[in-house]
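These notes are about the structure you will find just below.
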Amino acid sequence: MKKIILALIITLMASCSVNSQVKLYLTANGVTKTATLVQNEATAELISLLEKGPLTISMTENGGFEKVGNLPQSLPTSDVRQTAQSGDIMLYIGNVMCIFYGSNTWAYTKLGTLDNMSTAEIKEFLSGNPVEVILSLGDDAGIEEIKASEILTEKVFDLTGNIVRQRPLGKGLYIVEGKKTLIK
């Protein structure tokens, strides 16, 4: 059954036009960026995992050219010897996600590419060792949900950068201690 579902996802992805490629949202250090996924069995399985909710991966420095982190399960591989470039997201040995800000030649399964990010921007985005990276299919992965009564003395800003002094906070989206925060 699982193979039939994967085949169906791959077929649907292959039938999509270039303009409707699947986006992966990555949130690190309070910032969310996007990547465009390639169409293969590994990304179909990754999408299936992310449909259940966001995944958090602890990524560490490796070799001065990439950040690496273990996925919660192995994905199907179709490794090809290739040279990864800055911005590439690769799968190594089935369960290690690699995000490159440099270059390396090895046998990888390509997952996708970060959208419109320079090498310097990637290094800044992934700063920290380790860095927690949240993977999701939506851009709300970096939003923390809390109760208004939990925010008493912290500086709070609205989405335009204005300080909010009113307490308790009303329902809405705020920036609290540098993080997107949803008050329900």
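All values below were derived from every heavy atom in this structure, side-chain atoms included, with hydrogens, water molecules and symmetry-related copies excluded.
Applying side chain to side chain contact (heavy atoms under 4.5 Å, CB included) to M97 and the options L111, L55, L91 leaves one that passes, L111.
In this structure, the side chain of N95 does not engage the main chain of L71 through any donor-acceptor pair within 3.5 Å. Remark: side-chain polar atoms of N62 are not paired, donor with acceptor, to backbone N or O of V68 under 3.5 angstrom. Looking only at distances, no side-chain donor or acceptor of D88 sits under 3.5 Å from a matching main-chain atom of K110. Between the side chain of S58 and the backbone N or O of E132 there is no donor-acceptor pair closer than 3.5 Å. Looking only at distances, no side-chain donor or acceptor of T77 sits under 3.5 Å from a matching main-chain atom of D79.
Side chains of K33 and D115 form no contact here, defined as non-hydrogen atoms less than 4.5 Å apart.
Nearest heavy atoms, F65 versus N104: CE1-CB, 3.5 Å. For S127 against N29, the heavy-atom pair with the smallest separation is O-ND2, 2.9 Å. Pairing each heavy atom of T109 with each of A42, the nearest pair is CG2-CB, 4.0 Å. Residues A28 and L126 approach most closely at CB-CD2, 4.4 Å, considering heavy atoms.
Between F100 and Y108, the ring-plane angle classifies as perpendicular under the 30° and 60° cut-offs.
Taken to the nearest 0.5 Å, the CD atom of E66 stands 10.5 Å off from the OG atom of S103. Expressed to the nearest 0.5 Å, how far CD1 of I122 lies from NZ of K67 amounts to 12.5 Å. With rounding to the nearest 0.5 Å, the separation of CG in L135 from OH in Y25 is 13.5 Å. Taking CG from N70 and CD1 from I93, the interatomic distance works out to 7.5 Å, rounded to the nearest 0.5 Å.
A donor-acceptor contact under 3.5 angstrom links the side chains of T36 and K23, judged on distance only.
Atom CG of N129 is surrounded by more than 12 heavy atoms from other residues, nucleotides or ligands within 6.0 Å.
Follow the hydrophobic side-chain contacts under 4.5 Å out from L37 and you reach M59 in the same cluster. One hydrophobic cluster, built from ILVMFWY side chains closer than 4.5 Å, cannot hold both V96 and V38; they sit in different ones. Note: the hydrophobic cluster containing V31 also contains L137 (ILVMFWY, side chain heavy atoms under 4.5 Å, direct or indirect links). Under a hydrophobic-cluster definition in which Ile, Leu, Val, Met, Phe, Trp and Tyr are linked whenever side-chain heavy atoms come within less than 4.5 Å, directly or via other members, V131 and I99 are assigned to the same cluster. Under the 4.5 Å side-chain heavy-atom criterion for grouping Ile, Leu, Val, Met, Phe, Trp and Tyr, M117 is connected to L24 within one hydrophobic cluster.
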